Asks: 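One structure coming up, written as structure tokens, with questions to follow.
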Number of protein chains: 2
Amino acid sequence: MTEQYFGTRPTLEAVAARAGVSRATASRVVNGGTGVRPPLVDKVRQAVEELGYVPNPAARSLVTRRTGAVAVIVAEPETRFFSDPFFSQQIRGISKELSAHDVQLVLLLVEGPDDYGRISRYLTGGHVDGALAFSLHDDDPLPAITRGAGMLTVFGGRPGFPAAVPYVDADNRGGAREAVRHLLSLGRREIAHIAGPLDQTASTDRLAGYRDMLPEADPALVAEGAFTTASGARAMSELLARRPELDAVFAANDLMASGALRVLREHGRRVPEDVALVGFDDMVSIAEATDPPLTTVRQEIEEMGRLMARLLLRGLDQGVAGPGAPSSVITPTTLVRRASA
Amino acid sequence: MTEQYFGTRPTLEAVAARAGVSRATASRVVNGGTGVRPPLVDKVRQAVEELGYVPNPAARSLVTRRTGAVAVIVAEPETRFFSDPFFSQQIRGISKELSAHDVQLVLLLVEGPDDYGRISRYLTGGHVDGALAFSLHDDDPLPAITRGAGMLTVFGGRPGFPAAVPYVDADNRGGAREAVRHLLSLGRREIAHIAGPLDQTASTDRLAGYRDMLPEADPALVAEGAFTTASGARAMSELLARRPELDAVFAANDLMASGALRVLREHGRRVPEDVALVGFDDMVSIAEATDPPLTTVRQEIEEMGRLMARLLLRGLDQGVAGPGAPSSVITPTTLVRRASA
DNA sequence: GCCCGAGGAGAGAGCGCTCTCGCACGGCAG
DNA sequence: CTGCCGTGCGAGAGCGCTCTCTCCTCGGGC
């Protein structure tokens with residue numbers, strides 16, 4: 001039960017006075033205590049305790065030029081951010097890693113094109129030491145903004161342009177190959193694909209994996225969705241109209257797979273007997289809730305978030321001018337077999 | 001294309017020099033420009049532009065004692081945070097309101113009991129001006145922490161203790177009454193309830209609403225879940241075992257309703273013919289994806305988030321010592337009729 | 001034409017911290 | 001016993017900004 005000094009929080013000065021040392025020594029103790037003799041360390045520690053001293057972050061970062069915070073920028077049209085647990089999970093991984101290093105997470109949600117100015121100003125303002133950014137479309141202005149602000153930034157998902165920026169991504173192409181390979185191993189021959197929006201690399205990479213395994217496949221077997229349940233349903237209807245004889249579907253995420261599943265059932269196709277279905281993500285709350293439960297390609301979403309944070313922190317520690325920008329990381333995927341294929 | 005001065009960003013001093021005015025005048029212009037004659041204002045504005053000046057937030061908040069940031073504290077066991085779009089949506093509303101006022105959002109996720117120390121230190125450290133906190137269990141230490149830190153805090157959801165803290169909550173009790181009233185109007189007489197965890201007021205309030213309409217109901221008609229799909233399924237199994245003759249279920253959220261739906265189907269009960277089912281939340285991605293689509297009680301989640309932020313900002317503006325802590329707000333609910341009841 | 005008041009601009013103090021520098025003191029070698 | 005080096009501590013400058021206080025200037029009223 002520490003006393004409350006309303007209005008005037010104790011300063012380092014006060015701590016120093018109470019401990020009978022100089023401000024410099026008090027500062028040394030607060031920041032690790034190296035080079036100070038034990039008895040003095042104890043005295044200062046005690047003074048800190050008694051006064052309930054907490055360093056003023058503004059004063060500190062004014063001189064250190066470090067804020068101890070990083071921005072997490074989520075640029076995604078309405079629909080996806082709050083229907084897709086993907087981001088929550090990735091942010092969770094990021095949060096864990098950051099708070100383990102006592103770094104704070106400032107969340108910047110981009111709601112519309114006007115927001116980019118705000119974000120840009122915020123980054124150049126030096127509120128944060130670095131940034132993590134998500135889910136770029138090919139024409140996303142974010143990389144240009146973070147570069148312009150001179151802000152070290154790690155991206156989530158491979159950016160859709162040749163710039164050499166550090167990123168963390170799942171092995172989308174390999175995962176897709178595995179999904180299709182599984183369907184082939186079940187004896188399926190008319191394998192359709194419901195792709196995500198093709199201005200995102202996650203979609204194009206998964207499509208590329210599909211094509212790797214089925215180079216001869218009829219283009220009519222591919223339909224584009226938008227990573228939402230509804231778009232998956234729509235794409236499935238299209239595919240059934242175009243190629244009624246299809247016997248398998250690989251959807252680029254679980255949400256679209258669940259939409260497809262509903263449409264398949266409405267058309268009287270049994271899953272997996274008539275049509276085998278594989279998703280992507282292994283979003284447990286979706287994949288296990290469908291009937292039948294979804295066979296899907298699992299990516300370690302939380303781990304990817306953790307990796308992004310780790311990469312950024314490492315880059316920050318070496319200084320931006322250090323031996324190298326952090327390099328990128330591709331995380332493996334695994335096929336999770338449930339009942340739908 | 002502003003020139004980049006690596007290492008040395010321009011200061012107010014530099015702007016003042018370039019504009020041929022004093023630092024004080026430059027500051028006045030940057031902060032609104034009142035009391036400065038137009039020609040000087042223009043000169044300063046131009047200098048700001050040319051140098052690409054952005055104020056140093058640390059220096060600023062060192063003297064103003066305002067950070068321009070608020071904390072959003074999410075204390076929720078793993079499972080729920082990333083399976084439930086609830087939070088994402090509420091955070092979205094908060095983010096919109098905050099960024100409209102140029103206030104930043106610092107996200108603090110509580111991963112375990114050890115984190116409370118970290119949070120407490122962070123709040124007392126003065127990193128933020130105020131806080132928004134979520135989803136308290138009855139024994140949650142958060143209110144004590146924010147009070148101890150002297151931090152103005154608006155809660156999301158009615159806290160489970162008598163303290164007079166400002167909060168924003170949906171009309172859980174009224175919504176529950178409406179759900180049950182609807183089931184009664186359909187002629188159902190054996191109406192069961194799948195409650196949420198009973199150490200949260202959202203659950204107890206919804207249960208209270210159920211009891212308001214059915215004061216005589218057999219206690220065996222109520223089972224407790226945990227707001228997850230799996231727990232909803234489990235609760236439904238229990239209820240069917242205890243009261244096989246039930247003809248309606250009101251679940252305290254959509255996730256549990258979807259779990260219940262699966263179990264009902266597994267037991268050969270048709271929905272809505274044999275058993276009518278109503279959920280709560282109107283989580284569109286769930287309620288519309290079930291088969292049949294879920295009748296549910298809608299709460300305006302994003303709006304609630306926006307309101308929380310508005311309440312906090314207003315309180316902050318008046319100063320904590322102002323005429324009054326912000327008062328609480330209860331937002332209305334509406335019944336959304338789909339096919340399940 | 002003079003005085004007074006209002007309003008606009010500048011000087012300077014400080015917000016709370018870190019960090020460099022210099023000084024003092026103790027131990028050891030010569 | 002003296003000189004030198006290493007270590008521990010304190011003094012003080014300064015990070016970039018805001019804001020008060022003072023000074024100056026200009027306009028209006030008598």
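Here is the naming used below: chain letters follow the sequence lines, and residue numbers restart at 1 for every chain. The structure displayed is predicted, hence computed values, not measured ones.
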Asks: Run the side-chain contact (heavy atoms from CB on, under 4.5 Å) check on A:Asp169 and A:Met304 step by step: do they pass?
Replies: CA-CA 7 Å; A:Asp169 205 348; A:Met304 288 164 67; 4.3 Å; yes

Asks: Measure the CG-CZ distance between B:Asn31 and B:Arg60 for me, rounded to the nearest 0.5 Å.
Replies: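 Reported value, rounded in 0.5 Å steps: 5.0 Å.
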
Asks: So, for B:Asp140 and B:Pro143, which heavy atoms are closest and what is the spacing to 0.1 Å?
Replies: O-CD, 3.2 Å

Asks: If the plane angle is over 60° it's perpendicular, under 30° parallel, otherwise tilted; pick one for B:Phe87 and B:Phe134.
Replies: perpendicular

Asks: How many Å lie between CG on B:Leu12 and P on C:dG10, as a whole number?
Replies: 13 Å

Asks: Are A:Glu302 and A:Arg306 close enough for a salt bridge, meaning some N to O gap below 4.0 Å?
Replies: yes

Asks: I want to confirm an ordering. Mapping B:Ala58 and B:Ala24 to their closest nucleotides on DNA chain D, which one lands closer to the 5' end?
Replies: B:Ala58

Asks: If each of A:Arg23 and B:Arg23 is mapped to the nucleotide of DNA chain C with the nearest heavy atom, which maps nearer the 5' terminus, i.e. the 5' end?
Replies: B:Arg23

Asks: Checking only heavy atoms, does the side chain of A:Arg28 share a donor-acceptor pair with the base of D:dG10 at less than 3.5 Å?
Replies: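 Per atom types, the contact qualifies.
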
Asks: Does the B:Asp129 side chain pair with the main chain of B:Gly68, one donor and one acceptor, at a distance under 3.5 Å?
Replies: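 Yes; at least one donor-acceptor contact below 3.5 Å.
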
Asks: If I take atom NE2 in residue A:His127 and atom C1' in nucleotide D:dG16, what distance separates them, rounded to the nearest angstrom?
Replies: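 After rounding, the gap between these two atoms is 14 Å.
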
Asks: Would B:Asp42 and B:Arg45 pass as an ion pair if we require N to O under 4.0 Å?
Replies: no

Asks: Rounding to a whole Å, what distance do you find between B:Arg65:CZ and D:dC19:C1'?
Replies: 13 Å

Asks: Both B:Asn56 and A:Thr25 contact DNA chain D. Which one's nearest nucleotide lies toward the 5' end?
Replies: A:Thr25

Asks: It should be established whether B:Ser22 places a side-chain nitrogen or oxygen under 4.0 Å from OP1 or OP2 of nucleotide C:dA11.
Replies: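 No, B:Ser22 has no side-chain N/O under 4.0 Å of OP1/OP2 on C:dA11.
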
Asks: Nearest of D:dC9, C:dC19, C:dA11 to any side-chain atom of A:Val36?
Replies: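 From the listed options, D:dC9 comes nearest.
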
Asks: Rounded off to whole Å, could you give me the CG-to-C1' distance for the A:Leu62 and D:dG16 pair?
Replies: 6 Å

Asks: Any carboxylate oxygen within less than 4.0 angstrom of a Lys/Arg side-chain nitrogen, looking at A:Asp317 and A:Arg314?
Replies: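 Answer for the salt bridge query: no.
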
Asks: Would you say the side-chain atoms of B:Ser61 pair up with the backbone N or O of B:Thr67, donor to acceptor, closer than 3.5 Å?
Replies: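 No.
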
Asks: Under 3.5 Å, which N/O atoms of the protein pair with N/O atoms of nucleotides 22-27 of chain D?
Replies:
none

Asks: Measure from the side-chain heavy atoms of B:Val21 and tell me the nearest of C:dC15, C:dC17, C:dG10.
Replies: C:dG10

Asks: Bend angle of the helix from C:dG1-D:dC30 to C:dG30-D:dC1 from five-pair axes at both ends, rounded to 10°?
Replies: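 It works out to 50° between the end axes.
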
Asks: Nearest-Å distance, OH (A:Tyr53) to P (C:dG16)?
Replies: 10 Å

Asks: Can you check the B:Asn31 CG to D:dG16 C1' distance for me, whole Å?
Replies: 13 Å

Asks: Figure out the CD/P separation between B:Glu13 and D:dT18, and round it to whole Å.
Replies: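 Whole-Å distance recorded here is 13 Å.
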
